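Worksheet: the structure to be examined is printed underneath.
Lettering follows sequence order; numbering is per chain, from 1. Quick caveat, the model's predicted, so the values are computed rather than measured.
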Number of protein chains: 2
Amino acid sequence: MNPAGNETYRAMNTYTKLMRAAESVTSRVHRVLAEPKLTISQFGVLEALYHKGPLCQRDIASKILKSTGNITLVIDNLEKQNLVRRERDNKDRRYLTIYLTESGTDLIAKVFTDVEAAIVTEMASLNDNEQELLGQLCKKLGMKGVS
Amino acid sequence: MNPAGNETYRAMNTYTKLMRAAESVTSRVHRVLAEPKLTISQFGVLEALYHKGPLCQRDIASKILKSTGNITLVIDNLEKQNLVRRERDNKDRRYLTIYLTESGTDLIAKVFTDVEAAIVTEMASLNDNEQELLGQLCKKLGMKGVS
DNA sequence: GTTGCATAGCTTAATATTAAGCTATATTGT
DNA sequence: ACAATATAGCTTAATATTAAGCTATGCAAC
């Protein structure tokens with residue numbers, strides 16, 4: 001096999017392992033969302049609000065990488081369950097600020113704790129140094145796109 | 001911060017970087033599917049057939065992690081575009097074997113080459129040793145689920 | 001053989017998602 | 001002030017996806 005072939009082979013191999021790891025870890029972590037009946041997007045929205053405070057829909061959309069139209073629906077559904085509420089910004093009336101309600105805060109606090117525990121369990125396959133190393137390598141890969 | 005807190009902090013950090021890397025790399029790689037107008041699932045099906053040979057729908061479903069009902073639709077759409085064909089197995093008539101057509105083979109050969117090139121480009125952020133290391137760490141993480 | 005269980009693929013209904021375009025609001029340039 | 005432009009969120013139509021259940025086929029036990 002020529003050098004180019006080796007490079008390709010190695011890249012494909014690494015890529016496959018990266019994707020399998022990400023997918024297998026997330027799919028196990030997301031199991032904890034079944035009981036509270038949250039979709040992954042709903043969890044993403046609640047978690048963003050929980051850690052960043054109130055946000056407008058566009059910011060939420062860009063945070064969880066979904067379209068603004070989709071966020072409208074996700075927030076609608078969370079609002080129906082009384083987990084968040086919308087409030088029109090009086091300075092710029094185009095904006096809706098989304099707030100966690102009290103029960104929304106309670107729910108995400110509990111669910112996030114469970115997700116966190118699941119992630120710790122998953123990551124326990126690697127020791128400290130390995131996790132540090134994996135983090136660095138992933139960071140290098142992810143940064144590529146910031147061009 | 002207590003030991004448990006540190007462990008959690010580190011795990012969350014590593015997890016986040018892993019997910020960001022996976023998502024940022026895939027989203028860039030998948031851009032090459034826009035021009036041939038293939039969905040990610042369609043690409044997954046074609047690629048499975050290209051590398052594994054003819055498969056029945058259930059095997060395809062488990063390979064690309066989609067429901068069997070969904071695969072029925074994905075194959076329907078590929079069949080409409082004459083990229084694959086279904087053939088009833090005469091030994092066990094419950095099975096449909098899915099074959100790439102000639103134009104399907106041509107298309108996936110070309111598209112896979114492009115995807116491969118995109119992956120090589122992405123992975124070029126890491127040198128040989130780093131890729132090897134990343135692969136090993138990911139493998140360790142992914143294996144957790146095989147219990 | 002017939003009866004009952006298992007399995008492959010299909011259908012249906014519900015939900016999620018996106019892209020494109022719409023409305024309302026704000027900003028900027030003249 | 002007014003026109004043009006930009007932006008936030010919403011709507012609509014098309015597509016994707018899943019879960020649950022259905023049909024047809026095969027297999028195994030009796």
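Rounded to whole Å, atom P of D:dT5 lies 16 Å from atom CZ of A:R94. Rounded to whole angstrom, the span from the NZ atom of B:K66 across to the P atom of C:dC10 amounts to 18 Å. If you take CD1 of B:I40 and P of C:dT17, they are 13 Å apart, rounded to a whole angstrom. Computed from coordinates, the A:Q42 CD to C:dT17 C1' distance equals 14 Å when rounded to whole Å. Going from atom CG of B:D76 over to atom P of D:dT15 covers 14 Å, rounded to whole Å. One atom, CG of A:L96, and another, P of C:dT23, lie 18 Å apart when rounded to the nearest Å. One interatomic measurement links the two molecules: OH of A:Y95 to C1' of C:dA24, which rounds to 14 Å at whole-angstrom precision. Between A:L38 atom CG and C:dA16 atom P there is a gap of 11 Å when expressed in whole angstrom units.
Scanning all heavy atoms of the two residues, the minimum distance from A:L126 to B:L137 falls at CD2-O, 4.0 Å.
Taking CG of B:L83 as the start and CG of B:L100 as the end, the distance is 8.5 Å to the nearest 0.5 Å. Atom CG of residue A:D89 and atom OG1 of residue A:T97 lie 5.0 Å apart, to the nearest 0.5 angstrom. In this structure, NZ in A:K139 is found 12.0 Å from OG1 in B:T16, a value given to the nearest 0.5 Å.
If you check the side chains of B:S27 and B:R31, you find no donor sitting under 3.5 Å from an acceptor.
For DNA chain C, the neighbouring residues in residues 85-93 of chain B, judged by any heavy atom under 4.0 Å, are B:R86. Residues from residues 67-74 of chain B that place a heavy atom under 4.0 Å from any atom of DNA chain C, listed by number: B:T68, B:G69, B:T72.
Listed nucleotides: C:dA24, D:dG9, C:dG9. Nearest to the side chain of A:R58: D:dG9. Minimum atom distance to the side chain of B:Q57 is reached by C:dC10, of the listed C:dA16, D:dA8, C:dC10.
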| task | Please test B:R85 against B:E87 for salt bridge (Lys or Arg N to Asp or Glu O under 4.0 Å), starting from the C-alpha separation and ending with a verdict. | result | CA-CA 7 Å; B:R85 68 187 167 79; B:E87 192 170 302; 2.6 Å; yes
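Ion pairing of B:K110 with B:D106 is absent here, as no side-chain N (NZ or NE/NH1/NH2) approaches a carboxylate O to less than 4.0 Å.
Relative ring orientation between B:H51 and B:F112 is described as perpendicular, the plane-to-plane angle rising above 60° on a 0-90° scale split at 30° and 60°.
Side-chain atoms of A:E79 come within 3.5 Å of backbone N or O of A:R86 as a donor-acceptor pair.
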